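We count ligands from 1, going down the list as the structure has it; atoms in each ligand are counted the same way. Note that the coordinates shown come from a computational prediction; the quantities given were computed from them, not determined experimentally.
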Amino acid sequence: MQVNNKIVIVTGAGSGIGAATAKHFAAHNAKVVVSDIKEEKAQKTANEINQNGGEATVIVANVAKFEDVEQLIEKTVAKYGKVDIMVNNAGIGPKNMARTAEYTFEDWDNVIAVNQTGVFYCMKAALQQMVKQGGGNIVNIASLAGLKASLNNLSYCASKFAVVGMTKSAALEYATKNIRINAVCPGYTESALLDKLLSVRPDMDQRLKSVIPMKRYGMADEIAEAVVWLASDSTKFITGQTITLDGGTSL
Ligand SMILES: NC(=O)c1ccc[n+]([C@@H]2O[C@H](COP(=O)([O-])OP(=O)(O)OC[C@H]3O[C@@H](n4cnc5c(N)ncnc54)[C@H](O)[C@@H]3O)[C@@H](O)[C@H]2O)c1
C-alpha cells in the first residue's frame, strides 16, 4: 500500500480505531499528525509510533470547534507544507441509550456536534487546503449505524447516516479536483466506545455477538488496514464509497 511519506492527520487518534489507524499509517512510512481532544492520550499514541521508528506529531483539537480544526490544518501545513490524507475518526456515543421519546437533548446535541458537525468542519478545513495543494484524500469513519437502524441510539444513528451522505456528496463535488473521499462503516469493534456500552449493559455482550455471523467483535487493527488501503494509491478509482467491516452483521 503506497502511503510512504504522505502527511496524514488522524482525529480521535488517542484511542481505539484512531490510534490503530495512526500506527498503521506510520508502519507504512507515512508521517502522522496524531490529533485528539485529550492531549495525554494523543501523546501516548505518538510516543509509541516514535519509539518504533515512525514519525508522529501531536496536535490537540476538539473537532466540534471550527477554530481548533482550522489550527489543526494550519499547524500541520506549517510543519509539513501540506495535508495528503485526513482521517475523520473522532466520535462519541450518547451518555444514555433511550428510545426517541426519552432521548435527552444533551445526548442529541453532543453526539451531533462531534460526529456530524465535527466531520463537516474537518472536511471543510481539509478541503480548502487540498484544493490549494492540488489533491488529497479523506476517509471518514462512519458506522454500521450509518447504514441501518440502531435501537435507542437516535443521534448516533443520525450522525453516522449524515457521515455517509456527506462522504458521497463531497466526493461528487471534488471528483475532478484529484481529491477522493470515502468512508468505512465498522460494525461492533473492540474499543473504549464499546467497553463503555458494555459496562452499562453487560447483558448486551452475548446479544451483540449472537447477531454477528462471525460471532466476534471486529479489531481496531482490522478497521485501520481498510482505512490505509482506501487512502492509498492502491484505490485510485474509488471515491464516494462506504466499505463495511462488520463480520457479516449487515447481511
Ligand atoms: N467501536 C465500535 O464498535 C465502532 C463501531 C462503528 C463505528 N465506530 C466509530 O469509530 C470511531 C472511533 O471510535 P472508537 O471505537 O475507536 O472510540 P474510542 O472512544 O476508543 O476513541 C475515540 C477517540 O476520540 C476522541 N474524541 C472524542 N471526542 C472528541 C472531539 N470532540 N474531538 C477530538 N477527539 C475526540 C476520544 O478522546 C478518543 O480518543 C468513532 O467515530 C466511532 O463512532 C466505532
Side-chain angles (χ1 to χ4, degrees), residues 9-24 33-46 48 58-72 86-95 97 107 109-122 125 139-148 150 153 155-164 166-167 183-199 201 204-205 208-209 211-212 216-224 226-227 242-247 249-250:
I9 299 174
V10 182
T11 68
S15 166
I17 293 169
T21 300
K23 289 177 209 167
H24 268 260
V33 173
V34 175
S35 185
D36 203 280
I37 196 171
K38 301 235 171 86
E39 185 169 9
E40 62 287 8
K41 288 170 78 178
Q43 199 58 61
K44 189 167 169 270
T45 304
E48 210 176 304
V58 169
I59 301 178
V60 175
N62 175 356
V63 297
K65 287 191 180 163
F66 190 61
E67 318 84 82
D68 278 24
V69 175
E70 273 186 311
Q71 63 86 31
L72 169 61
M86 178 97 191
V87 181
N88 297 319
N89 162 78
I92 59 172
K95 267 194 197 149
M97 309 278 287
D107 274 334
D109 290 341
N110 290 344
V111 172
I112 296 294
V114 176
N115 296 10
Q116 180 171 341
T117 310
V119 170
F120 163 57
Y121 287 169
C122 288
V139 181
N140 294 322
I141 311 302
S143 171
L144 191 52
L147 300 173
K148 61 194 281 285
S150 185
N153 207 8
S155 60
Y156 188 81
C157 186
S159 70
K160 295 300 186 179
F161 265 78
V163 171
V164 171
M166 291 191 290
T167 300
V184 297
C185 293
Y188 298 108
T189 306
E190 284 188 9
S191 68
L193 199 78
L194 185 66
D195 288 349
K196 208 168 143 200
L197 170 73
L198 295 179
S199 69
R201 293 283 310 275
M204 294 282 280
D205 186 43
L208 292 180
K209 282 184 183 149
V211 299
I212 304 171
R216 67 167 177 90
Y217 299 126
M219 307 300 291
D221 279 346
E222 293 171 324
I223 314 301
V227 175
T242 58
I243 306 278
T244 305
L245 297 102
D246 66 350
T249 309
S250 52

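Checked against side chain to side chain donor-acceptor pair (under 3.5 Å), Asn115 has the following partners two or more places apart in sequence or in another chain: Ser159. For Tyr188, the ring pair (Phe, Tyr, Trp, His ring centres under 6.0 Å) criterion is met by no residue, not counting sequence neighbours. The side chain to side chain donor-acceptor pair (under 3.5 Å) search around Ser150 returns Asn153, not counting sequence neighbours.
Here the side chain of Asn89 pairs a donor or acceptor atom with the backbone of Thr11 at under 3.5 angstrom. Judged by distance alone, the side chain of Asp68 and the main-chain N or O of Val63 form no donor-acceptor pair under 3.5 Å.
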Contact table ligand 1 N or O to protein N or O, d under 3.5 Å:
| from | atom 1 | to | atom 2 | distance (Å) |
| --- | --- | --- | --- | --- |
| ligand 1 | 1 (N) | Thr189 | O | 3.0 |
| ligand 1 | 1 (N) | Ser191 | OG | 2.8 |
| ligand 1 | 3 (O) | Thr189 | N | 2.7 |
| ligand 1 | 3 (O) | Thr189 | O | 3.3 |
| ligand 1 | 15 (O) | Ser191 | OG | 2.7 |
| ligand 1 | 16 (O) | Ile17 | N | 2.8 |
| ligand 1 | 20 (O) | Ser15 | OG | 2.6 |
| ligand 1 | 20 (O) | Ala192 | N | 3.4 |
| ligand 1 | 31 (N) | Asn62 | OD1 | 2.8 |
| ligand 1 | 32 (N) | Val63 | N | 3.0 |
| ligand 1 | 34 (N) | Ile37 | N | 3.3 |
| ligand 1 | 37 (O) | Asp36 | OD1 | 2.7 |
| ligand 1 | 37 (O) | Lys41 | NZ | 3.4 |
| ligand 1 | 39 (O) | Asp36 | OD2 | 2.6 |
| ligand 1 | 39 (O) | Lys41 | NZ | 3.2 |
| ligand 1 | 41 (O) | Asn89 | O | 2.8 |
| ligand 1 | 41 (O) | Lys160 | NZ | 2.9 |
| ligand 1 | 43 (O) | Tyr156 | OH | 2.6 |
| ligand 1 | 43 (O) | Lys160 | NZ | 3.0 |

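Residue Val184 forms a side chain to side chain contact (heavy atoms under 4.5 Å, CB included) with just one option from Ile223, Asn140, Thr242, and that option is Ile223.
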